[in-house]
Structures are given as structure tokens and as C-alpha cells.
Amino acid sequence: MNKYKVAVVGATGMVGRKFLEVLKERDFPAEEYLLFASKRSAGKVIEFLGKDYTVIELCEENIKKHVCDIALFSAGGSVSKVFAPVFADTGAVVIDNSSQWRMDENVPLVVPEVNPEDIDRHSGIIANPNCSTIQAVVALKPLAKYDIKRIVYST
């Protein structure tokens, strides 16, 4: 089994911490984790999987210094707009949780339980819909075989 270098961008935030929790629960095959956050959070220590990780400041120099295979982003659209392409340029596959890339025709919008085949058409960045949309399309996927004309969905 391949082992990956995984970056978590926004690691000190609530969603970044949830990313880490899920990676642990799923026993994700990572050989190394790189935890990135803002300059304000850089240097903080996060205990994860029995090891202390020092948070790395998110900047182009550090991205190029700490090359990874996968970068999980949850730091907001403006951060993703600037730094997701930098990670992608180093060869990482970015999975972005912000709204930044959702409407970009060159970035696949993927919910793995619904359209996993779209992952293959990425050019370094993969977007995901917002949380309520993800839940809805997963529940609606089995209904795709019917000739449904319209669904009204409110949150």
C-alpha cells in the first residue's frame, strides 16, 4: 500500500482538526503529516497520533520546502485561491473544502459517493460542494434512475 505525505491547510481551525480526526479514524496511509496554518498559528504544537507536530506557516516558500502528495484545504476561499495552485504546482493533489473552486469548469466538483469518476479529470485541484449539498446529493443519488424533473431543496 502506498504511503502519502499529507498536508492539512487550516490545521488549527475546527475543520482542520476534524480532518485530522477523520484521518486517524480511517487509519489513512500517511507516512508524514504537514500541518499548515496562518502566521499567527505557526509554531503551535498539535499532538496527533501520539506525535507532536509543529504548525508550519502557510507561505509559498514553506509549501515548496515541504512538498506533499495530498493537501486538504479548509482555510477559506481567499487562502485557497492563492495557495492551492502553489501546492498543485509542486505535484500535490489539493482537495479544497472552500467555495473558491466550486464553479471553476476546470476543477471537478466531487462527492465520492456520487461521482468518484470525476476525480480522474483533475489538474491538481478537486473541489467539494458545501456540507448540506453533499448530504442531499448522497441521498438523491439512488433516485437518478427515475425521470425526476425538479427537486426543491432548502436549508
Side-chain angles (χ1 to χ4, degrees), residues 1-23 25-26 28-41 55-155:
M1 178 182 285
N2 290 335
K3 293 273 190 169
Y4 303 96
K5 285 187 178 181
V6 178
V8 176
V9 178
T12 58
M14 187 169 57
V15 176
R17 299 250 183 180
K18 191 63 164 178
F19 279 162
L20 294 172
E21 184 181 315
V22 172
L23 289 164
E25 285 173 5
R26 300 285 175 102
F28 191 81
E31 72 178 46
E32 182 179 352
Y33 287 98
L34 303 161
L35 308 186
F36 287 88
S38 68
K39 184 175 187 173
R40 186 180 72 239
S41 294
V55 175
I56 303 163
E57 179 183 350
L58 182 63
C59 65
E60 189 169 340
E61 177 184 341
N62 285 340
I63 294 167
K64 291 177 178 178
K65 183 177 170 183
H66 300 280
V67 175
C68 66
D69 302 302
I70 300 167
L72 304 174
F73 264 70
S74 186
S78 61
V79 172
S80 181
K81 182 177 184 176
V82 172
F83 294 110
V86 179
F87 275 95
D89 286 346
T90 68
V93 174
V94 173
I95 301 170
D96 184 46
N97 198 40
S98 78
S99 61
Q100 175 58 43
W101 305 101
R102 289 179 183 157
M103 299 302 288
D104 187 313
E105 64 185 35
N106 298 311
V107 175
L109 185 63
V110 176
V111 176
E113 298 84 356
V114 176
N115 62 332
E117 67 282 355
D118 285 356
I119 292 170
D120 295 335
R121 69 173 189 84
H122 77 81
S123 296
I125 301 173
I126 298 169
N128 65 279
N130 72 21
C131 53
S132 57
T133 301
I134 292 169
Q135 293 173 11
V137 297
V138 169
L140 292 170
K141 175 68 175 175
L143 301 177
K145 63 185 175 186
Y146 300 104
D147 192 28
I148 296 173
K149 301 286 186 228
R150 182 174 177 203
I151 293 174
V152 177
Y153 178 72
S154 301
T155 60

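Closest approach of A92 and C68 over heavy atoms only: CB-O, 3.5 Å. For I126 against V93, the heavy-atom pair with the smallest separation is CD1-CG1, 3.8 Å. For the pair V55 and A37, the tightest heavy-atom approach, listed with the atom from each and the gap, is CG1-CB, 3.5 Å. What you find for G124 and A88 is that their closest heavy atoms are O-CB, 3.8 Å. Summarising the geometry of V114 relative to P116, their closest heavy-atom pair is C-CD, 3.5 Å, with the distance given to 0.1 Å. The minimum heavy-atom distance between L34 and V67, with the atom names listed, is CD1-O, 4.1 Å.
Using a 4.0 Å cut-off between a side-chain N of Lys or Arg and a carboxylate O of Asp or Glu, E57 and K39 do not qualify as a salt bridge.
Within the 3.5 Å criterion, the main-chain N or O of K5 finds a donor-acceptor partner in the side chain of D69. Judged by distance alone, the side chain of S41 and the main-chain N or O of S38 form no donor-acceptor pair under 3.5 Å. No side-chain donor-acceptor contact under 3.5 Å links N62 to the backbone of L58. Using a distance-only test at 3.5 Å, with no hydrogens or angles considered, no donor-acceptor pair links the side chain of N106 to the main chain of I125. Checked by atom type and distance alone, the side chain of R102 pairs as donor or acceptor with a backbone atom of N97 at under 3.5 Å.
The one candidate from V6, L35, V15 that meets the side chain to side chain contact (heavy atoms under 4.5 Å, CB included) condition with L20 is L35.
Two rings, from F83 and F36, have their centers 6.0 Å or more apart.
At a threshold of 4.5 Å between non-hydrogen side-chain atoms, the residues F87 and S80 do not count as touching. Side-chain contact between V82 and V86 is absent, with no heavy-atom pair separated by less than 4.5 Å. Between P129 and L109 the shortest side-chain heavy-atom distance falls below 4.5 Å.
The CG atom of N128 sits 8.5 Å away from atom OG of S98, with the distance rounded to the nearest 0.5 Å. Rounding to the nearest 0.5 Å places NZ of K18 at 10.0 Å from CE of M14. Going from atom CZ of F28 over to atom CG of L72 covers 7.5 Å, rounded to the nearest 0.5 Å. Distance check, rounded to the nearest 0.5 Å: CG of L140 to OH of Y146 gives 13.0 Å. One finds the NZ atom of K81 at 11.0 Å from the CG atom of D104 (value rounded to the nearest 0.5 Å).
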Chi angles and distances behind the salt bridge (Lys or Arg N to Asp or Glu O under 4.0 Å) call for K64, E60: CA-CA 6 Å; K64 291 177 178 178; E60 189 169 340; 2.8 Å; yes
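Open room surrounds CD on E61; 12 or fewer heavy atoms of other groups in view lie less than 6.0 Å from it. In Y153, the OH atom is crowded: over 12 heavy atoms of neighbouring residues, nucleotides or ligands sit closer than 6.0 Å.
With sequence neighbours excluded, the residues satisfying ring pair (Phe, Tyr, Trp, His ring centres under 6.0 Å) with Y33 are F48. Listed by chain and residue number, nothing satisfies the salt bridge (Lys or Arg N to Asp or Glu O under 4.0 Å) test with K141 (two or more places apart in sequence, or in another chain).
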